[in-house]
Each structure stands twice: as structure tokens, then as C-alpha cells.
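Everything on this sheet refers to the single structure shown next.
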Amino acid sequence: MFKLENFIRENVKLMKAYSSARDDFTDVAEVYLDANENPFDSGINRYPDPYQKKLKERISEIKSISTKNIMLGNGSDEVLDLIFRAFCEPKRDNAIFTPPTYGMYKVLAELNNVNLKPSYLDVNFDFRVDELLNQIDPNTKLILLCSPNNPSGNSIKEAEVKKILDRSNCLVVIDEAYIDFSNMNSYIDLLSIYPNLIVCQTLSKAWGMAGIRLGICYASDAIISVLNKIKPPYNVNVLTQQKAIESIENIENFNSNLEEILKQKKKLKAALREIGFVKLIYPSDANFWLIKVDDANMRYKQLLKEGIVVRNRTNEILCENCLRITIGTAKENDKLIKALKELQS
Ligand SMILES: *Cc1c(COP(=O)(O)O)cnc(C)c1O
């Protein structure tokens, strides 16, 4: 049986959350003299809504999930940091991750003084579920999964996720930064069955708003309450909340951009297949291709000379001679394809 009580750090249980002016008075008034704000209206002179009610309502509508199961952060990076801080006792607890994967997990674990144990993917970047389950010990609090995974691009199969959720008594975090590019369903569908599941999404990728920094966490009411208790009160600023609401209300724009990126992704794959020094194109459910080339360092530098920067992943485990290429606009991709063709002749 999963008991959240056993996962919340003692100091987090004992601490009192900051009570802001906006917490003390949530009604509507004519005159606000309670928060030492500047009274001259500029659209941003007031503190933001600490619980982002309007924005959560919009997200709740498009994701068909209650606002009580949503917590928002200053990017997924903040959300993930809060998860470490809420549930992992520094120097004692540990978390499991599945390299090669997103680099921030390691940074956040180190920052929080939490040991991060690797469960390596296999050569096809598939998850080795039994091996992962074997890594769990009594101090393992988190299992961090990324689906679709960065930098490989593949997704974890539902049966495997369910096996991990069924067989482990840990909090299982699934980072779905790229889910909107994928044909797979989000694992938020499993939240009603698994009280130990946390799903993270972001507006940074398919939504095209990396600059506003909005990360979304979906979990049980109880987990969301813990994260709300420890988050900085005004972690999502007024401009971010406004922009995010605007974009969600203009979903046609999201859909057309997404469609174009997926079309470009297909086109880029066909072109990459024709390049002799591209040895492998890994399956991808995300907005990038991970490719294996003859010499990643050399190809990286050659592309840079043409003014094109890709991500050289050759030093990552299992990614020898791999480049990660984000899908750009038609014009950008054409430039890339032209450069690659010229390099092989
Ligand atoms: C890009 C990315 C994110 C996004 O993080 P934000 O802080 O929301 O911009 C999260 N996880 C993975 C795996 C990513 O690749």
C-alpha cells in the first residue's frame, strides 16, 4: 500500500506555509492596501494570483482534469525541484533515473543532496524494467521517467509504466515535456488509479512558449497540496499567466503549429535517410531526431560553420556519435538538408 505520509519530509510536514496578503484576503475589494504594492496601475503592479485559478481552469478544460490535481511552476525545472525538496531527505534518500535522459534530473538531485541511481536504457533506448525495479531500496523515494525521452525520442510502453507503478512503492514521476508531439496518450489518464503517480508537462515545447516558463504538474490532491505548501507563493508571474491563458484560448494556432512541425519532421527524416554518413535515425515521438553519424564531433563543427547549431550528444552514455536535431521551420530544415548534402560530397 502506498502511503504519502511516509514520503513527505519531516520538516515539510512540520513547517507552516507562507501566508501571503493574497491568501489572507481572497475576496474582491475596492481598495487594496494590504500587500505594500505600488498603487499606480500598469497591469503588473499587483502580485499574481498565487494559485493561478484562471489559468488552471483553462488547463483543466483542455486536459479534462480537476484544477485540484494541477500545480504550476516556473518551468518544469521548478516543479521537479519542488518534488525533490518535498519528498527526498538530503543525504539519506535516493531517486532512480534512466540515462541517457534529461540532464536536469542529475543537477536537481545534486543540488538537493539526493543520491541519484542510474538504471541504464538498453542499446535501443528501451527501458529495462526489471533491472530498474531491482535498484529500489527502502530509501528510494522517486523514480524519474521521461516519455517521450530526451535525447532518444522514444516513449515508454504503457505496460512497462504500469509494471513500475504496480511493483514499486515509490513516487513515480513521468516527465511528458514532449507528449503533445506523440500519438500516445498522456499518462495523466492513470492518475485516478495510481496515488503514487506524478506527471509533468510544460508549455516550453509544443506550445511554443519556452520563454514564459510554465511547467505543469498533475497528481493526486494530496501530492498537489504538499507542493503548494512549499512552493514560492508567487512562482508564476502575471505576464506568464496572461500569455498562457491567451495561448490556450487560441488553440487553433497551437494545432496548426503542431501539424506543421510534424510535417517537417517527416520531411527531415526522409532527407536524413539519403545522407550517407547518417548511420541511424532513432524512432522519435518528439520534435527532434536523434541520429548516429560517422563522427559527431566533426559533423557538429561542420554544421556550425554553416551557421547551424545542433546538439552534440556524443559524450552521453549510449549516444556515441549521436546528434540531436530539433525540427525547425521549413526554411531552417531546408538549409540543414542542403548543408548535409554538401558535406557528403
Ligand atoms: C525541454 C524539457 C523540459 C522543459 O523544461 P521547462 O523547465 O518546462 O522549460 C522538461 N523535461 C524535458 C525532458 C525536456 O526535454
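Just so you know, ligand 1 is whichever comes first in the structure, and atom 1 is the first atom listed for that ligand. Throughout, residue positions are numbered sequentially from 1 according to the sequence presented. The structure displayed is predicted, hence computed values, not measured ones.
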Can [X] and [Y] be counted as an ion pair, charged N to O under 4.0 angstrom?
X: Asp49; Y: Arg22; result: no
X: Glu61; Y: Arg58; result: yes
X: Glu57; Y: Lys54; result: no

What atoms of ligand 1 come within less than 4.0 Å of a heavy atom belonging to [X]?
X: Gly75; result: 7 (O), 8 (O)
X: Ala177; result: 2 (C), 3 (C), 10 (C), 11 (N), 12 (C), 14 (C)
X: Tyr178; result: 1 (C), 14 (C), 15 (O)

Heavy atoms only, cut-off 4.0 Å: how does [X] contact ligand 1, side chain, backbone, both, or neither?
X: Lys205; value: side chain
X: Ser204; value: side chain
X: Arg213; value: side chain

**Prompt:** Hey, what do you get for NZ (Lys157) to NZ (Lys163), rounding to the nearest 0.5 Å?
**Reply:** 12.0 Å
**Complete:** One should read off an interatomic distance between Leu72 CG and Tyr51 OH, to the nearest 0.5 angstrom, of 12.0 Å
**Asked** Is there a donor-acceptor contact under 3.5 Å linking the side chains of Asp285 and Asn183?
**Response** no
**Message:** I want to know if ligand 1 touches Asp77 in the polar sense, i.e. an N/O pair below 3.5 angstrom.
**Reply:** yes
**Prompt:** Counting heavy atoms only, which of Asp175, Leu214, Leu203, Ile216 comes nearest to atom 11 (N) of ligand 1?
**Reply:** Asp175
**Message:** In this structure, is the centre-to-centre distance between the rings of Phe2 and Tyr194 below 6.0 Å?
**Reply:** no
**Request:** Can you pull out the closest protein heavy atom to atom 5 (O) of ligand 1? Residue, atom name and distance to 0.1 Å, please.
**Result:** Ser76 OG, 3.5 Å
**Prompt:** Out of curiosity, is Cys146 lining ligand 1, as in a heavy atom under 4.0 Å away?
**Reply:** yes
